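Read the structure below first, then the notes.
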Amino acid sequence: MTGVPIKIGFIGFGTVACGALEILVSQETLLKRRLGRTLEITRIADREIKRERGVSVPKKILTTDPTEILKDPSIDIVVELIGGIDAAKTFVLQAIKAGKHVVTANKALLAIHGEEIFEAALRAGVDVGFEASVCGGIPIIRAIKEGLAAERIKSIYGIVNGTCNYILSKMLEEGGSFNDILAEAQALGFAEADPSLDVGGGDSAHKLAILSNLAFGTSVSLKEIYTEGIEKITPIDIRFAHEFGYRIKLLAITKFSGNEIEARVHPTMISEDTLLSKVDGVFNAVYVDGETLGPTLYYGQGAGSLPTGSAVVSDIVEIARNIMSGSSGRVPPASFVAGARKSRRIRPIAEIESLYYLRFTVRDEPGVLSKISGILGSYSISISSMIQQGRKIDGGVPLVMMSHMAKERDLQSALSEINRLNCISGETLLIRVEGEDAS
Ligand code: HSE
């Protein structure tokens, strides 16, 4: 166990950095046994270095100036954990240019500038580790890049946002409204003060852009990912879903079909018989279906200081191993070698086919059902089951239908016609349903 230590500089001293630093300190002996070399925390830069974080690192390695890391020729690995886009991109590219390896947990940065960063790293012959950017502690990036290297991936279905999964699980458990449960989650510290990126699906879309890119060897940009959040889901929908044998989850879905890629984030009904439907609370899970392997499922904590910090340290260990064996760049950052990536059409949401749950709010009067089903029928949309309840909500009664397989474009056209009917007294809700069509 000899050799000079591998030197690490942290830019950012927040929650995830503290988790990673705590692991580097508390697991020093284990890490040395796994690596055969010491990992040295050489410098930590942050705008604020006075606050006590409860991590035992020497005060003298703290600095407010990230260039002390970027310009230090002895530092091998730069860990970027400041979040945000512009400054993080500058630091990451500067580190790569200086020949340093990079570890980041920054999903937004990679979803937007991943291609540029990966190309720069390939040119410079350095590694970029980003295991912590998707689903915190779940090693899904390494699973796709290495464990599933033999697989032509067919589809990925991920519960990749703990905040949304917590809210939907609590709505099922307690019957509370979205707003009440969100407020409770904020009070408990499970949800951000500004939760819009989480509940609006944006955070899941960032993670899906990264997963889709790695799985299919193609560029999937954020703006091509159809994104819908969970704000409109009500306890009634959760109850109806259960009556039909489904759970509602915010899913990040990507599929390879007909040489095109589907990439979308939206609330989805999945059968109560699936393992994914049983993933509750703040936990994340990713289902990956491979052509020869079949389905695999990865489950764990998708956020938090120690789980995310653990993923950061796993990248540091992998990069340190590559440094020691002179094999940096061994695994291409985007999972496929540069010239082998292919451009594919990302299928617009209007072109997908799905099963649908439709909740109309209607006046309880004669002829309503025939008007609605008539319009659906005129767009070739066939109903597989239906529930109407007498209890009034928003001046009307809920009328819920499950469709057979239908084209999204037809469904949207039918809904805009139906929503103009006088018998519709409230907002209509559509939830896509994954599963087999009932025959
Ligand atoms: N805010 C995310 C979540 C964790 O709720 O899962 C970080 O991506």
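Whatever order the structure lists ligands and atoms in, that order sets their numbers, starting from 1. Nothing here was measured: the structure is a model prediction, and the numbers come from that model.
Evaluation of the salt bridge (charged side-chain N to carboxylate O under 4.0 Å, His left out) test over residues 108-121, restricted to residues two or more places apart or in two chains, returns Lys89-Glu116, Glu115-Arg341. Pairs engaging residues 258-269 under the side chain to side chain donor-acceptor pair (under 3.5 Å) rule: Asn259-Arg344, Glu260-Arg345, Glu260-Arg347, Glu262-Arg264, Glu262-Arg347, Arg264-His266, His266-Thr268 [sequence neighbours left out]. Screening residues 160-185 for salt bridge (charged side-chain N to carboxylate O under 4.0 Å, His left out), with sequence neighbours left out, gives Lys170-Glu173, Lys170-Glu174.
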* Do Phe130 and Asn106 pass the side chain to side chain contact (heavy atoms under 4.5 Å, CB included) test, and can you show the C-alpha distance, the side-chain angles, and the key distance before you say yes or no? -> CA-CA 8 Å; Phe130 51 100; Asn106 195 329; over 6 Å; no

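Tyr357 contributes atom OH, which lies 8.0 Å from atom CD1 of Ile387 (distance to the nearest 0.5 angstrom).
Remark: the Ser328 side chain and the Asn322 side chain contain no N/O donor-acceptor pair separated by less than 3.5 Å.
Annotation: ligand 1 has protein neighbours Lys107, Asn161, Gly162, Thr163, Asp198, Asp203, Lys207, Ala303, each with a heavy atom less than 4.0 angstrom from the ligand.
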